[in-house]
Amino acid sequence: MSQPDFQPTLIGSAITVRPIAPDDWTELFAAASDPKIWEAHPVSTRYTEPEFRKFFDGAVKSKMGFVFADRSTGRLIGSSLNAKQPRL
């Protein structure tokens, strides 16, 4: 019996959803570095490079994060960075 693919690439008419990759760092950090995005988030400093780096690396390592790319441009437009973060 084959194992299910928990990291599929899904292609729709407008977007592609694919597993996050280490090469996505620059484009995702550029999008996530706006402090307004994180104002209501429990980790409101996630817009900073050190905080986002921990979050991003955790998502890559967890193999549970996905990015959303605009099919017409190939540009990343969002993510589902679902990484477990250590509780302090």
Side-chain angles (χ1 to χ4, degrees):
M1 176 183 257
S2 65
Q3 295 294 323
D5 182 3
F6 292 113
Q7 288 247 274
T9 294
L10 306 173
I11 301 171
S13 61
I15 65 167
T16 297
V17 180
R18 65 165 175 76
I20 190 172
D23 289 344
D24 296 328
W25 163 257
T26 301
E27 199 169 349
L28 284 180
F29 178 64
S33 62
D34 180 350
K36 292 223 175 262
I37 295 170
W38 304 101
E39 282 180 349
H41 192 273
V43 183
S44 61
T45 58
R46 194 161 281 160
Y47 67 91
T48 65
E49 187 170 349
E51 288 297 323
F52 192 76
R53 174 55 79 180
K54 287 190 284 188
F55 185 61
F56 179 86
D57 289 348
V60 171
K61 184 178 179 181
S62 76
K63 298 185 185 221
M64 294 182 70
F66 291 85
V67 293
F68 306 95
D70 181 315
R71 286 199 59 209
S72 65
T73 64
R75 186 171 164 221
L76 298 184
I77 57 173
S79 68
S80 70
L81 301 182
N82 185 11
K84 290 185 177 182
Q85 297 297 307
R87 298 230 181 243
L88 300 177

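For Tyr47, the side-chain contact (heavy atoms from CB on, under 4.5 Å) test picks out Pro35, Trp38, with sequence neighbours left out. The side-chain contact (heavy atoms from CB on, under 4.5 Å) search around Ala21 returns Arg18, Asp24, not counting sequence neighbours. Ile15 pairs by the side-chain contact (heavy atoms from CB on, under 4.5 Å) definition with Val17, Phe68, Ile77, not counting sequence neighbours. Qualifying salt bridge (charged side-chain N to carboxylate O under 4.0 Å, His left out) partners for Arg75, counting only residues two or more places apart in sequence or in other chains: none.
Comment: Arg53 engages Asp57 in a salt bridge, judged by a side-chain N to carboxylate O separation of less than 4.0 angstrom.
Closest approach of Gly78 and Leu28 over heavy atoms only: O-CD2, 4.2 Å. In this structure, Ile20 and Phe56 approach most closely via the heavy-atom pair CD1-CE1, 3.4 Å.
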Pair up each side-chain donor or acceptor in residues 7-14 with any protein partner under 3.5 Å, not counting sequence neighbours, and list the distances.
{"from": "Gln7", "atom 1": "NE2", "to": "Lys63", "atom 2": "O", "distance (Å)": "3.1"}

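Phe55 has its side chain out of reach of Val43: every pair of non-hydrogen atoms, C-beta onward, lies at least 4.5 Å apart.
Here Glu51 contributes atom CD and Ser44 contributes atom OG; the two are 9.0 Å apart, rounded to the nearest 0.5 Å. Going from atom CG of Asp5 over to atom CD of Gln3 covers 11.0 Å, rounded to the nearest 0.5 Å. Atom CD1 of Ile37 and atom CZ of Phe52 lie 9.0 Å apart (nearest 0.5 Å).
Every pair tested for salt bridge (charged side-chain N to carboxylate O under 4.0 Å, His left out) that includes a residue from residues 8-17 fails, sequence neighbours excluded, so the list is empty.
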